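Numbers here simply count residues along the sequence, with the first being 1. Computed from a predicted structure; not experimentally measured.
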Amino acid sequence: MTRSEFDDIRAFLADEATHAGDLLRVARTLIDDLEHVRMREAILRTYYLRLLTAARATVAADAVGAPDPLVFLKHELAEHGQLPEEGEAVQRILSDARAAEALLACLEQNGQRQRPQGMRLRRCVGTGRRLSH
């Protein structure tokens, strides 16, 4: 959810004209959104864990001199349709990887400076909606 959606919900809840049935409907919608976000997070964590495991297996296979150490990583990328296609520009792929690495480094550096002290903040992501009165 965006910050303005949270503000809309707060205003809706604070409005004295809001009926209990409306509040129940909002609560049910928020619970559904939370369940959807948790499921998506679980799926993304699974993808990440599988990719991390494949990367570690690739490095371990290379360390022991396996004949095709990239087999683990190639398999995982193929599972998600991420293997480079025939004729795909190698330089473009490498450039994308360098740009992503630089962007992540910048985000991590900025994130460390801007993190609030104390409680950890969580963010929800969902589709936009309007609350009816």
Side-chain angles (χ1 to χ4, degrees):
M1 265 183 199
T2 65
R3 176 59 56 196
S4 66
E5 287 175 314
F6 279 117
D7 291 342
D8 289 346
I9 291 170
R10 282 188 187 98
F12 182 75
L13 296 175
D15 187 352
E16 291 182 17
T18 302
H19 300 289
D22 296 332
L23 295 174
L24 185 58
R25 196 168 50 254
V26 168
R28 286 181 178 143
T29 300
L30 291 174
I31 293 296
D32 289 345
D33 285 356
L34 181 60
E35 185 178 4
H36 175 76
V37 167
R38 291 226 184 237
M39 183 60 72
R40 178 139 174 86
E41 179 187 16
I43 290 168
L44 290 174
R45 284 179 181 268
T46 300
Y47 289 164
Y48 173 77
L49 181 60
R50 289 178 58 174
L51 187 58
L52 180 64
T53 301
R56 293 187 73 214
T58 297
V59 171
D62 183 55
V64 296
D68 186 12
L70 293 176
V71 69
F72 303 104
L73 200 49
K74 286 178 182 177
H75 173 76
E76 192 58 34
L77 292 174
E79 286 283 314
H80 299 285
Q82 295 297 317
L83 276 177
E85 294 181 14
E86 292 293 325
E88 194 170 358
V90 172
Q91 291 305 318
R92 184 186 59 78
I93 294 171
L94 295 175
S95 176
D96 288 349
R98 283 190 290 273
E101 184 179 350
L103 178 62
L104 288 173
C106 181
L107 289 173
E108 288 173 355
Q109 183 181 22
N110 288 338
Q112 289 174 355
R113 278 189 260 140
Q114 296 175 357
R115 283 196 183 135
Q117 302 297 327
M119 284 185 20
R120 179 177 170 204
L121 299 177
R122 293 184 176 241
R123 296 182 191 187
C124 269
V125 177
T127 59
R129 77 172 61 77
R130 296 277 179 229
L131 298 174
S132 59
H133 263 248

Would you mind reporting whether [Y] and [X] have side-chain heavy atoms less than 4.5 Å apart?
X: Leu73; Y: Leu51; result: yes
X: Asp7; Y: Arg10; result: yes
X: Asp68; Y: Leu70; result: yes

Would a hydrophobic clustering, with Ile, Leu, Val, Met, Phe, Trp and Tyr connected at side-chain separations under 4.5 Å, put Phe12 with Leu30?
yes

Are Phe6 and Leu23 connected, step by step, through hydrophobic side chains (Ile, Leu, Val, Met, Phe, Trp, Tyr) whose heavy atoms are closer than 4.5 Å?
yes

Compare every heavy atom of Ile93 with every heavy atom of Pro84, then report the nearest pair and how far apart it is.
CB-CD1, 3.6 Å

Looking at every non-hydrogen atom in both residues, tell me the closest pair between Ala78 and Leu83 and how far apart they are.
CB-CD1, 3.6 Å

From [atom1] ([X]) to [atom2] ([Y]), nearest 0.5 Å:
X: Leu44; Y: Leu49; atom1: CG; atom2: CG; value: 12.5 Å
X: Arg50; Y: Thr46; atom1: CZ; atom2: OG1; value: 8.5 Å
X: Arg45; Y: Arg38; atom1: CZ; atom2: CZ; value: 9.5 Å
X: Asp8; Y: Leu13; atom1: CG; atom2: CG; value: 11.0 Å
X: Ile43; Y: Met39; atom1: CD1; atom2: CE; value: 6.0 Å

Does anything in residues 42-82 pair up under ring pair (Phe, Tyr, Trp, His ring centres under 6.0 Å), and if so which pairs, sequence neighbours excluded?
Tyr47-His80

Output all residues satisfying side chain to side chain contact (heavy atoms under 4.5 Å, CB included) with Arg92, sequence neighbours left out; order by chain, then residue number.
Glu88, Ala89, Asp96

